[in-house]
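Quick notes on the structure that follows.
The analysis underlying the following values was restricted to heavy atoms, covering all of them including side chains, and did not include hydrogens, waters or symmetry mates. Along the sequence shown, residues carry numbers from 1.
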Amino acid sequence: MKKHLILLTLILAMQIANAQTGPFGGGDGYSEATAYELYETEHLVALADSVYNTPNWSVGKYFKVTNNIPDSVRSVITNFNGIFDGQDYTITLAISETKVSLGLFGTTLNAVIKNVIVNGYVSGTFSVAGIVGVAYTNTSITNCINLADITGFQYTGGIVGNSLQTTITNCINVGNINGKHNAGGIAGESFNNEITQCMNLGSVSGDSYVGGITGTVYTNTSITNCINCGFVKGNIDNIGGIAGHFQDGIVENCINTGVVEGPEGYTGAIIGACATYIGLLALGCFYNKQMCIYGGIAGEDIEGQAEGRLTKELIGTNLQAILGDENWIYNDNLYPILKELKDEIASKVAVSPAYLDDINADYDIYNNIDECFYVNLENGVQWAKAFDNINFSNSGKVYLEKIGEDTIYASIGEYKKTIPIMINNLCQNNMKFTICADTHKLVHPNAINYSLPIHIIANEDVSGYVIEKLVLEIDRNIFYTQNIDNDANWNNLNGIITINNISIPSLKSDIKTELLTVRGDILLGDKDSSTIDIKEVIFIEELSEAPKLFNGYITLNICKEGNDRLLKTFDYAPSLIISKNPASDLLEVKCKVIENGAYWLEIVDITGKTKIVKEWSVNINDKQEFNFTIPISMYGNSSYFLILNTPSAKYSHKFIVEK
């Protein structure tokens with residue numbers, strides 16, 4: 001009986017444990033510390049089944065993702081009422097159904113969704129999004145990122161499709177959003193919501209009610225401290241950089257730096273259209289008027305509410321006095337960025353401007369570009385183009401090669417923003433470089449660490465160019481290279497100096513600037529001078545014409561009787577001597593030298609295997625002759641070469657070991 005009781009207790013304990021853990025990877029769901037663990041697609045399927053079969057099953061329960069889930073998730077978690085922490089792991093979605101309320105979560109109520117990242121795609125009809133299809137009362141969505149492309153018919157958004165009494169905070173959309181009506185980068189449609197510290201990078205497109213942050217806003221909704229950097233395009237009406245249509249609430253301290261396209265009269269850089277019969281309050285909102293041809297609200301700027309500025313008036317600290325420091329961070333040459341999102345990769349892309357020409361009163365705008373322009377290269381942002389109408393230089397300058405449409409992209413990995421452009425005039429690359437070596441007359445023949453600067457000249461201001469390969473030739477009997485400035489990679493073989501990947505310093509037009517300096521020692525050779533020949537130069541990017549090269553030369557101060565060279569004569573040439581038939585296992589070696597610099601002895605066997613046996617440095621003012629003993633007990637019967645490596649040549653001596 002006692003044994004049966006123990007067995008029954010074990011069975012009950014196992015049943016309780018299974019009931020607590022369920023079909024998940026661990027945890028009991030009772031607290032944040034013991035949350036149900038999800039790390040496989042099957043765990044999300046199990047969660048979807050649980051809340052579908054028992055609508056209130058998730059109330060008060062905790063769930064956390066504990067690993068990336070790269071296998072496609074096709075199930076939708078509907079009727080969710082719990083607390084879900086994605087812990088910044090990425091979940092890959094592959095949802096395509098002709099249904100409503102689609103996303104990682106179909107519907108939520110009194111739920112907390114935080115730290116979720118999704119990629120892949122979601123496609124449906126009504127209320128389609130990356131995170132939540134429909135977020136009902138008291139849903140909180142925080143620190144979530146959508147990388148997935150979202151397609152729907154109505155109520156389509158990056159974070160939520162449709163939402164009621166929901167707070168959305170510190171969320172980012174990067175995916176492309178395509179919804180026929182009510183499409184937004186963050187939310188498709190909003191009722192009585194709070195949207196704050198959110199950012200959109202993705203392109204948002206549709207027919208009507210299309211916005212960078214939200215498509216449509218109804219009933220006491222606030223959108224504060226948000227930024228749109230994505231391309232927003234609508235075909236019919238109510239198209240806006242922040243909100244497509246706005247009825248009631250507040251839009252405050254928001255920025256739009258993205259292009260907004262739509263029919264004139266129905267499009268605004270901040271808000272496309274607003275209902276006049278319900279209250280709207282817009283405060284301190286700004287947009288880039290070189291990226292958007294329409295005014296702030298319904299095509300009109302309103303001072304203090306929605307104003308257009310040039311790019312240079314938006315970057316740096318230009319908006320600091322208005323936006324303040326509580327929610328925004330300001331850096332030179334960059335757009336303001338949201339403080340809570342400053343460490344996100346998306347923010348590095350978002351803050352990077354394209355600086356269209358604004359020198360003239362008729363400044364360039366995205367759909368009417370006449371002058372070359374620049375893009376910001378900070379933070380590792382990469383720029384690309386859709387077609388071949390433009391070319392990027394390493395300095396960030398953009399050349400206009402063909403008239404017509406193109407699209408430029410700023411990206412870091414999968415985080416990307418899109419800027420369509422129209423080129424109406426050519427501004428081609430006319431960059432010309434001249435590289436020259438200096439002349440050095442009457443150089444002291446014993447000079448140590450002597451500098452040979454190589455200069456560069458450009459026909460216009462430039463920075464960021466790179467020379468892939470530069471080849472110099474200097475007679476090695478005159479000059480022995482020791483090092484090269486500018487952190488360039490180089491090698492020196494028989495006087496041919498090859499230098500790779502040289503970063504050109506910032507240049508002002510037609511001003512001679514030092515490119516690099518070759519440093520080395522002047523040698524007492526048998527010549528009085530040597531040219532400094534620039535044999536070859538290759539730039540990483542194309543130039544309008546081949547660089548011009550001008551050689552220099554070195555002349556030694558040895559042409560007159562009584563000069564230093566006549567006082568520095570030697571009665572012997574460099575040599576390597578091995579004493580014959582040593583009585584011991586020590587090879588006795590004598591080296592005579594005439595140059596300053598590094599020396600080494602190496603032994604090479606008949607298979608070509610090399611071993612360095614001695615290394616030393618020489619100052620011939622102190623000593624010209626060196627004697628060494630080298631143990632040869634480790635060498636077997638065979639023929640060998642002993643090689644003396646000098647700064648300018650090699651000397652070898654053959655010996656045979658017989659034991």
- Message: When you measure from the side chain of N376 to the backbone of E378, do you find a donor-acceptor pair of N or O atoms at a distance under 3.5 Å?
- Response: yes
- Can you see which heavy atom on T214 is nearest to which on T216, and at what distance? OG1-O, 3.3 Å
- Message: Taking I69's backbone N and O only, do any of them form a donor-acceptor pair with T90's side chain (distance below 3.5 Å, no angle check)?
- Response: no
- Message: Using the rule ring-ring contact (aromatic ring centres under 6.0 Å, His included), only one of W57, F63, Y136 pairs with F80; which is it?
- Response: F63
- Task: Carefully, step by step, assess I213 and C254 under the rule side chain to side chain contact (heavy atoms under 4.5 Å, CB included).
- Result: CA-CA 10 Å; I213 299 299; C254 291; over 6 Å; no
- W383 and I390, any side-chain heavy atoms less than 4.5 Å apart: no
- Item | Side-chain heavy atoms of Y287 within contact of D301, under 4.5 Å | yes
- Query: Is the side chain of K417 donor-acceptor paired with the backbone N or O of C229 at a distance under 3.5 Å, no angle test?
  - Reply: no
- Hey, does the side chain of D406 reach the backbone of F387 with a donor-acceptor pair shorter than 3.5 angstrom? yes
- Message: Are the side chains of I315 and Y355 in contact, using a 4.5 Å heavy-atom criterion?
- Response: yes
- Query: Should we say atom NZ of K180 is surrounded by more than 12 heavy atoms from elsewhere, each under 6.0 Å from it?
  - Reply: no
- Item | Between T139 and T166, a side-chain donor and acceptor under 3.5 Å | no
- Message: Taking OH in Y415 as the centre, count heavy atoms belonging to other residues, nucleotides or ligands within less than 6.0 Å. Is the count above 12?
- Response: yes
- Got more than 12 heavy atoms from elsewhere within 6.0 Å of NZ, K339? yes
- Query: To the nearest 0.5 Å, how far apart are CD1 in I297 and CD1 in I302?
  - Reply: 4.0 Å
- Query: Taking it one step at a time, do N327 and Q197 satisfy side chain to side chain contact (heavy atoms under 4.5 Å, CB included)?
  - Reply: CA-CA 8 Å; N327 298 295; Q197 289 271 341; 3.0 Å; yes
- Message: For the CZ atom of F105 and the CZ atom of F84, what is their distance to the nearest 0.5 Å?
- Response: 4.5 Å
- Message: Looking at K233, I want to see if its NZ is surrounded by more than 12 non-hydrogen atoms of other residues, nucleotides or ligands under 6.0 Å.
- Response: no
- Determine yes or no for a side-chain-to-main-chain donor-acceptor pair under 3.5 angstrom, with D149 supplying the side chain and N176 the backbone. yes
- Task: Give the minimum heavy-atom separation between I412 and G380, together with the two atoms involved.
- Result: CG1-O, 3.9 Å
- Per the side chain to side chain contact (heavy atoms under 4.5 Å, CB included) rule, which among L109, T108, T107 passes with N79? T107
- Message: With a 4.5 Å cut-off on side-chain heavy atoms, are C198 and I172 touching?
- Response: no
- If the plane angle is over 60° it's perpendicular, under 30° parallel, otherwise tilted; pick one for F24 and Y36. tilted
- Query: Do I236 and Y209 touch side chain to side chain, with heavy atoms closer than 4.5 Å?
  - Reply: no
- Query: Does the pair T169 and E194 meet the rule for a side chain to side chain contact (heavy atoms under 4.5 Å, CB included), with working shown?
  - Reply: CA-CA 8 Å; T169 309; E194 292 182 12; over 6 Å; no
- Look at atom OH of Y52 and say whether more than 12 heavy atoms of other residues, nucleotides or ligands are closer to it than 6.0 Å. no
- Message: Closer than 3.5 angstrom, by distance alone: can the side chain of Y294 be matched with the main-chain N or O of G262 as a donor-acceptor pair?
- Response: yes
- Return the orientation label for the F153 and H181 ring planes: parallel under 30°, perpendicular over 60°, tilted otherwise. perpendicular
- Query: Would you say the side-chain atoms of T156 pair up with the backbone N or O of T151, donor to acceptor, closer than 3.5 Å?
  - Reply: no
- Message: Between F392 and Q382, does the side chain to side chain contact (heavy atoms under 4.5 Å, CB included) criterion hold? Intermediate values first, please.
- Response: CA-CA 10 Å; F392 295 97; Q382 301 292 315; over 6 Å; no
- Item | Heavy-atom side-chain contact between W328 and Q320 under 4.5 Å | no
- Task: Give a yes or no answer on whether the side chain of S58 reaches the backbone of K61 with a donor-acceptor pair at less than 3.5 Å.
- Result: no
- Distance in Å, T41 OG1 paired with L93 CG, rounded so as to fall on 0.5 Å steps: 10.0 Å
- Message: Can a side-chain donor-acceptor contact be found between T311 and N288 if the only test is distance below 3.5 angstrom?
- Response: yes
- Query: Are the side chain of N193 and the backbone N or O of Q165 linked by a donor-acceptor pair below 3.5 Å?
  - Reply: yes
- Is there a side-chain contact between I255 and L323 (heavy atoms, below 4.5 Å)? yes
- Chi angles and distances behind the side-chain hydrogen bond (donor to acceptor under 3.5 Å, both in side chains) call for N110, N138: CA-CA 5 Å; N110 298 319; N138 294 330; 3.2 Å; yes
- Indicate yes or no for a side-chain donor-acceptor contact from Q87 to the backbone of V65 under 3.5 Å, with no hydrogens or angles considered. yes
- Note on the structure: Output for pair (I337 CD1, I227 CD1), nearest 0.5 Å, gives 5.5 Å
- Message: Under a 3.5 Å cutoff, is there a donor and acceptor pairing between the side chains of N220 and D248?
- Response: no
- Query: For the atom pair OG1 (T142) and CG (N170), what is the distance rounded to the nearest 0.5 Å?
  - Reply: 7.0 Å
- Message: Less than 3.5 Å apart, any donor N or O on the side chain of N318 or E313 sitting next to an acceptor on the other?
- Response: no
- List the atom of V251, the atom of C285, and the distance in Å for their closest heavy-atom pair. O-SG, 3.5 Å
- State, without any angle test, whether T92 and N119 hold a side-chain donor-acceptor pair at a distance under 3.5 Å. yes
- Item | Taking every non-hydrogen atom, the tightest pair across N200 and G185 | OD1-CA, 3.6 Å
- Any side-chain heavy-atom pair from I419 and V259 closer than 4.5 angstrom? yes
- Message: Rounded at 0.5 Å granularity, tell me how far CZ in F246 sits from CD1 in I270.
- Response: 12.0 Å
- Note: D237 and S208 closest approach over all heavy atoms is OD1-CB, 2.9 Å
- Nearest atoms (heavy-atom pairs only) where A269 meets C292: CB-SG, 3.5 Å
